[in-house]
Amino acid sequence: MINFFYTDEYLNHDTGQHPESIERIKTVKKLIFEKYSNHNILTPTLASKELIYNVHDKNYVDYIFDNIPATGYSFFDPDTVACPQSLNSYLYAVGGSVESVDQIISNHNNKVFFCAHRPPGHHAEMNKAMGFGVFNNVAISADYALRSQRFKKILIIDFDVHHGNGTQHIFENNPNIFYASSHQFPYYPGTGDISERGRGNIFNCPLPSNCNSELFRELFSKHIIDKIEEKFDLLYFSAGFDAHKLDPLASINLDDEDFFWVTQKVLEKFANNIPVISVLEGGYDMKGLYNGLNNHLKVLQDYSNE
Ligand SMILES: [Zn+2]
């Protein structure tokens, strides 16, 4: 049984003509209700400001809260647009990501979570909105999990086609949180070189433009699966589906089955019956998003039943 966090509030985060569109969450909702409706579908609650202060600078958080438009749109960076309802979407996305941790702590049978939300968060820096995202959902959740003292060593696997600069920067001096990312490189946001190692807890797997399945599997195995030997007690996915060959925002050519492969490979190596929280990042072609996510969820479903 997968536990999903989802709310229709995400349909109200209006970005206008934008790749990070309402269509994306409609597609994800359709998939969940078509194929996973017998799973546990939970509604998140709004995260508090105080929780977000643990990861993001207070001034920055206050700035976001104070600059949500009363009408029309605000831009927090050239790519990151807010409408009057956007703050709710931001806070539910953080809320679900953090409540997954609470649910795991309160009941050991809660092993697998998928946070179906928008906007994505992995580009959001401590003090800066970037790449469609304002608050770094996965970072706030992982930080919360570590503060709970129930988890000592956490791994974040980010297979979104873009490097998660925000997540890397937030944790690059934290030896208890490992961050591993495969991403098109050189490409937006410019970070993610293999030489960026933090305190030995950062693992980057750059992918060349036009990378196909075979090369992706070879490089992901070499730079992530075979490189990391630590044991973890909590695993996150920053699950983006924009490395799909149909995706308009990048030029990596993964097939639907590669999202099955990468999820399974990661679980086989790192998840010995530990809890898994997967949070949605990018994915901008609706067919690529639907099929890629379905493949990811099939593996999570099997794992949740083990
Ligand atoms: Zn992306």
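Atoms within each ligand, like the ligands themselves, are counted from 1 in listed order.
Rounded to 10°, the angle formed at the Zn ion (ligand 1) by OD2 of D242 and OD2 of D160 is 80°.
Other residues, nucleotides and ligands place no more than 12 heavy atoms under 6.0 Å from the CG atom of N272. More than 12 heavy atoms of other shown residues, nucleotides or ligands fall within 6.0 angstrom of atom CD in E50.
Residue contacts to the Zn ion (ligand 1): H183 brings no N, O or S atom closer than 2.8 Å. E281 lies apart from the Zn ion (ligand 1) in this respect, since none of its N, O or S atoms is found at a distance under 2.8 Å.
Side-chain heavy atoms closer than 4.5 Å link hydrophobic residues (I, L, V, M, F, W, Y) into clusters, and following such links, even through other members, never connects Y188 to F132.
Within H162, the N, O or S atom lying nearest to the Zn ion (ligand 1) carries the name ND1.
Under the rule for a side-chain hydrogen bond (donor to acceptor under 3.5 Å, both in side chains), the partners of Q184 that lie at least two apart in sequence or sit in another chain are S251.
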